[in-house]
Number of protein chains: 2
Amino acid sequence: MRDFSQLQHPCGNCGFQDQSLWQPVSGALLPTLNRGFNRVPLETGQILFGQGEENTGIYCISKGLIGMRSCQGDGRSTLLRLGYPGEIIGFRSFMAGQPHHTEAQALIPSRVCMVPRHAVRQILDRSPEVLGRLADRCIQEIDRSHAHIIAAATSSNTERLSDLLAKLLQIHGQDYADGRRMELPLSRADLADLLGIRPETLSRVVARLASNGPYTIRGREVLLRS
Amino acid sequence: MRDFSQLQHPCGNCGFQDQSLWQPVSGALLPTLNRGFNRVPLETGQILFGQGEENTGIYCISKGLIGMRSCQGDGRSTLLRLGYPGEIIGFRSFMAGQPHHTEAQALIPSRVCMVPRHAVRQILDRSPEVLGRLADRCIQEIDRSHAHIIAAATSSNTERLSDLLAKLLQIHGQDYADGRRMELPLSRADLADLLGIRPETLSRVVARLASNGPYTIRGREVLLRS
DNA sequence: CAGTTGCACTGACGGTCGTCAAGACCGACG
DNA sequence: CGTCGGTCTTGACGACCGTCAGTGCAACTG
């Protein structure tokens, strides 16, 4: 269905290599991330940055859905987490001065704005208080990790899949007729990775959700029943 | 064995209310946390701050072991995570300007140095780059959360208990004869909370570890076999 | 001293998961 | 049109966990 063959290499096709797109920013960082820098459109499957690449800045997800993937040496990749609109990615490796330790890929048509490394530095030099807001993002991420841990310990897989589908429908369902239907932007294997279970188990969870829960999944088609 | 009756209230007995203990700090924050501010000794069971209290500063664990506990309305409490020497706690609520959402309690005799809120502000005004180091701590916490998630998904309960005991022995075992024995600083319920399982299951994991693993636990006595 | 309380361990049962294996479905390709 | 390969599903089996209930033990209490 999708042809990712020409999209495999991150820097050749991500649209961020054109520095003419970058504009200087004055004032606080976060409010201007969607204004001062052009938002670059990404097609489904397009890669923002690859695992092990040098950090070249921070990215603010303006629209769409980004998958953060960890690739093992043997070619197998694991979908670690999702990036939703409004979130900033790449901040961790930016602060730590380390290469990206995950790959970021657009799972649906998305828009992302990238603030290059030197611009972030410039902003922080001029307005140190901006770092406080970035720290806020950091804290949000910690909270989310904690919520993830608690959710894994308390709620069932069926509930977690249901919550995930609700979130995806909220983001991606608007592109369809009535917001109660969408094409699932993830493979079964990726879904299983996100929930921390095996694909076979996921298949049973999907069946359980179809009989007891509000969602029906047939192939890539997701339906929210009344 | 232990009498926590007079230690229940945090502010009355934590040693931090004496502002004469606090000294101004010049230069970077983190290197001075163990120098510029007095390290206050804490007895086992003593409470640094309670859930819902206003944040009065950040704490650096200099020695010992701190338990971060979440208390529900019905009186039940859940041990969420442990604070090890070198770690900073209270940073999250400091940055967010919110009350502490967990209670912090010394699980073994510990030393903690507290940097009061106004001093942190003063330091950050004078040396904005210090915030970067605090952000580093933030990132470490994110990494640890991710590691926790991955560990929960991949390794078995027996392995996770084994790893936890190794870490505890490394910190607390030095207080005993040969570092291969210690008094477990956690109840079975707290241990189960940390591993995300029920106490009954923990009991079986302990039995499994005694027959197949390197640790024997009898009551509060932990033994590392050759 | 008996009774109570709190904590830890054990057993039985049902449910879910991981693993292995087999089958179903579907698009690609010759 | 048939074959191939990949993805998804289904079944059977064993292992583990959560729940419930019961037991043993130690400390405390009147």
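Any value given below was found using the heavy atoms of this structure, including those in side chains, with hydrogens, waters and symmetry copies removed. Below, chains carry the letters A, B, ... as their sequence lines are ordered, and counting in each starts from 1. Note that this is a predicted model, so its numbers are computed, not measured.
Nearest nucleotide to the side chain of R208(A), out of dC8(D), dC9(C), dC17(C): dC17(C). If you check dC17(D), dC17(C), dC9(C) against the side chain of T201(A), the one that comes closest is dC17(C).
Taking only side-chain nitrogens and oxygens, N157(A) never comes nearer than 4.0 Å to OP1 or OP2 of dT16(C). A sub-4.0 Å separation between OP1 or OP2 of dT9(D) and a side-chain N or O of S203(A) is present. Listed pair R204(B) / dC17(D) fails the phosphate criterion, with no side-chain N or O lying under 4.0 Å from OP1 or OP2.
Between the C1' atom of dC17(C) and the CG atom of L195(A) lies a distance of 13 Å, rounded to the nearest Å. In this structure, L202(B) atom CG and dT10(C) atom P are separated by 12 Å, rounded to whole Å. When rounded to the nearest whole Å, the span between CD1 of I197(B) and P of dT16(C) equals 20 Å. Distance R198(B) CZ to dG18(D) P: 7 Å, rounded to the nearest Å. We find that CD of E221(A) is positioned 18 Å from P of dC25(C), with the value rounded to whole Å. Rounded to whole angstrom, the span from the CZ atom of R218(A) across to the P atom of dT9(D) amounts to 12 Å. Straight-line distance from the CD atom of E200(B) to the P atom of dC17(D): 12 Å, rounded to whole Å. Rounding to whole angstrom units, CG of residue L184(A) and C1' of dC8(D) are separated by 13 Å.
Proximity of L223(A) to R181(A): side-chain heavy atoms (C-beta onward) are separated by under 4.5 Å at one or more points.
Within the 3.5 Å criterion, the main-chain N or O of L184(A) finds a donor-acceptor partner in the side chain of R220(A).
Ring-centre distance between Y59(B) and F49(B): below the 6.0 Å cut-off.
Cation-pi geometry between R225(B) and Y215(B) is not met at under 6.0 angstrom from the ring centre and within 45 degrees of the axis.
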